[in-house]
Amino acid sequence: MMLNEYSVVLPVVILCVSLYLAFRKQLSLPVVGRLTSPGLFGFWFPGVVANILNTREVLEKGYRKVCLWLRDKICVRICAYWFVLQYSLNDKAFFIPQLEANNILIPPAWIKAYKRAPTSDLNLDGAIEDNLQIKYLLGPQIRQNSYHIEWTRDSLTPLMPSILDWLHEEITDCLDQVLGKDNHDFQKVKIFPFSLSLNCRIAARIVVGKPLCRDVKFQYLCEQHSQLLVVLSMILKFLPDWCKPLVVRMSPLRGVQRQIIDLVRPLVLESYRKLKQSDRDPKGTATEPPEGEQQSLMDSLVRTAVSRTPNLTAEENIVHEITMRFLSILFLFSGSPTLTVANMVLDLVSEPRELYSDALRSEIASVIEKYGGRWTLENLKELDLTDSFIKESMRLRPAAFTIAGRKVINPKGYTLPDNSATVPFGSYLTLPMYAIHHDQNHYPPRTGDGSDFDGFRFKGTEDNEAVPLVGSSETFLSWGAGRHICPGRFASAAILKMCLAELIRKCDFKPRNRISDVTFANIYVPSKTLTVEMRRLNSE
Ligand code: HEM
């Protein structure tokens, strides 16, 4: 048999990783996952790989509960502790051995204490940096000076009422592009790429405005950039720090960024020069909608950047800084909002039409008619069924299995709220969102056919108040939790509602079965090749 370099390198890599895992400092917490006992060399490795491939099953195993009656019987409790491996609902943390670090799952009972933990102990930036590698891909300033959070809260959200018309226009134009303006035949649309392009358009319209957001080359570059960030962050995660810049330089990323910078430059410079000439609002907040052809929030982004970065004066540095900030906002839109739009359309076509589609269509038609064909924040608030439908879709199909990940950055470690263990520096803590969202004690199945999906469960009834889409709670964690809860959730909820309303108002969909989603490690996404048959309605 011929020996090649792989037959030598691969066993050495497996041996090194196994040795590292076997001798890594062990936690005194229960372990959940396959083949997790550190036996002979190499036995950890398949266990860790199995945990990556079966994250959902492993997490559910750790969360699983016995019925409350059994839980109260002490002998069953002891047996359950040792044999059934149910931790979260017994108010215990557990950990899943992974390659990069210990991944500790916090039980729901500790969420309040978890949210209050000081940032000097548990830190989001550390978790983001390790997972998304933003420092290497978009530059260290994005998280060191994260003024886009302030911009989202103080400019984007308050200006939503004035920019809804632009976004409405963009959704319509995107549908024209995908389905054709006058074509009323059914067409197969790949739902994930469609959703990605719609969300990239929305982000571009907000930040760079028209006409650039309509430029086909610019649209292509934005979509390519968003996808490159996902792939590269996954690769960089497993490489040593010293070679990361090299890998990024060898990838197409910098080339795509350079082209985007060239296209965005004139807009940034126009806004910056305007700002220098005016002495308006030095605090960097915007209270009025922008005017003029460009119709974007570029002015407010430049103003926030300049007020939060006093040493930013050279024009070329400003161009680079603002483009990178735009690309991080674009990345935010190409993540959860893209998955949510794809998932809500898939839920719409796969759930019984008579239960949801018809009711949503008539709610949307009556609201838009009442307000003369224009969407406003006020009339979007009247879409109670639409609000609930999107929330149910987000509940059942969150973008990840766990959420609110934090890294332990205190060198002395972090002591768990029940004092059961001190988790060492570098570990990750996170909440088992998927398992909480799928817990039938919080969310009973639909009456009638027992399906998990109950699209109108969050709407108000005579006995219960509505639970709005933007709301976050210990049983609905899609927007995160605590001090880092998503600042874009108000803008995002309005945009999601308008997207679904416009899709339902303007299109007809053929029903289809929802085939299983793609799961890998913590990721849970619809398949990129899934198609939905849709056509423009004649009345439009
Ligand atoms: C479906 C849509 C969205 C979902 C489900 C979502 C969810 C989240 C989650 C789970 C977090 C982390 C919270 C935590 O760790 O506790 C987050 C953070 C964040 N989101 Fe969103 N998001 C969405 C859309 C957006 C949009 C459109 C924007 C911006 C324009 C945005 C801006 C941000 C920012 C800036 C942060 C970081 C906050 C911080 O570091 O303190 N999000 N989002």
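Remember, it's 1-based here, ligands and their atoms both numbered in the order they're listed. The analysis underlying the following values was restricted to heavy atoms, covering all of them including side chains, and did not include hydrogens, waters or symmetry mates.
For the pair Arg395 and Tyr443, the cation-pi test (distance below 6.0 Å, angle within 45°) is passed. Judged by the 6.0 Å and 45° rule, Arg325 forms a cation-pi pair with Tyr147.
Counting only non-hydrogen atoms, the option in Met344, Arg406, His484 that gets closest to atom 15 (O) of ligand 1 is Arg406.
The distance cut-off of 2.8 Å around atom 21 (Fe) of ligand 1 captures these protein N, O or S atoms, sorted by chain and number: Cys486 SG.
Listed by atom number, the atoms of ligand 1 under 4.0 Å from Met394 heavy atoms are 5 (C). Each of the atoms 15 (O), 39 (C), 40 (O) of ligand 1 lies under 4.0 Å from some heavy atom of Leu124. In summary, the atoms of ligand 1 found under 4.0 Å from a heavy atom of Phe333, numbered by their order in the structure, are 27 (C), 30 (C). Below 4.0 Å from some heavy atom of Thr340 lie the following atoms of ligand 1, by number and element: 1 (C). Interface of Ala404 with ligand 1, defined as ligand atoms under 4.0 Å from a residue heavy atom, comprises 15 (O), 16 (O). Contact atoms of ligand 1 toward Ser478: 5 (C), 7 (C), 10 (C) (distance under 4.0 Å to a heavy atom of the residue). Each of the atoms 30 (C) of ligand 1 lies under 4.0 Å from some heavy atom of Leu156.
Neither the backbone nor the side chain of Ala399 has any atom closer than 4.0 Å to an atom of ligand 1 (non-hydrogen atoms only). With a 4.0 Å cut-off on non-hydrogen atoms, Arg143 touches ligand 1 through its side chain and not its backbone. Contact annotation: for Ile403 versus ligand 1, heavy atoms closer than 4.0 Å belong to the side chain alone.
Here Phe389 and Phe453 bring their ring centres to under 6.0 angstrom of each other. Between Tyr356 and Phe456, the distance from one ring center to the other falls under 6.0 angstrom.
Only one option out of Leu122, Asn103, Val408 pairs with Ser427 in a side chain to side chain contact (heavy atoms under 4.5 Å, CB included); it is Val408. Each of Val208, Leu138, Ile260, Ile318 was evaluated against Thr323; a single residue qualifies, Ile260, per the side chain to side chain contact (heavy atoms under 4.5 Å, CB included) test.
Salt bridge status for Asp384 with Lys381: absent, with no side-chain N to carboxylate O gap under 4.0 Å.
Under the 30°/60° scheme for interplanar angles, the aromatic rings of His437 and Phe476 are found to lie parallel.
Where the criterion is an N or O separation shorter than 3.5 Å, residue side chain and backbone included, His148 fails it with respect to ligand 1. Distances between N or O atoms of Leu477 and those of ligand 1 include no value under 3.5 Å.
Taken to the nearest 0.5 Å, the CG atom of Leu198 stands 10.0 Å off from the CD atom of Glu223.
Between Val207 and Leu297, the closest side-chain pair of non-hydrogen atoms is not below 4.5 Å.
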Can you list, pair by pair, the side-chain donor-acceptor contacts under 3.5 Å of residues 483-493, counting residues two or more places apart and other chains?
residue	atom	partner	partner atom	Å
Arg483	NH1	Ala117	O	2.8
Arg489	NH1	Cys486	O	2.8

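Within a 6.0 Å sphere centred on NZ of Lys244, other residues, nucleotides and ligands contribute more than 12 heavy atoms.
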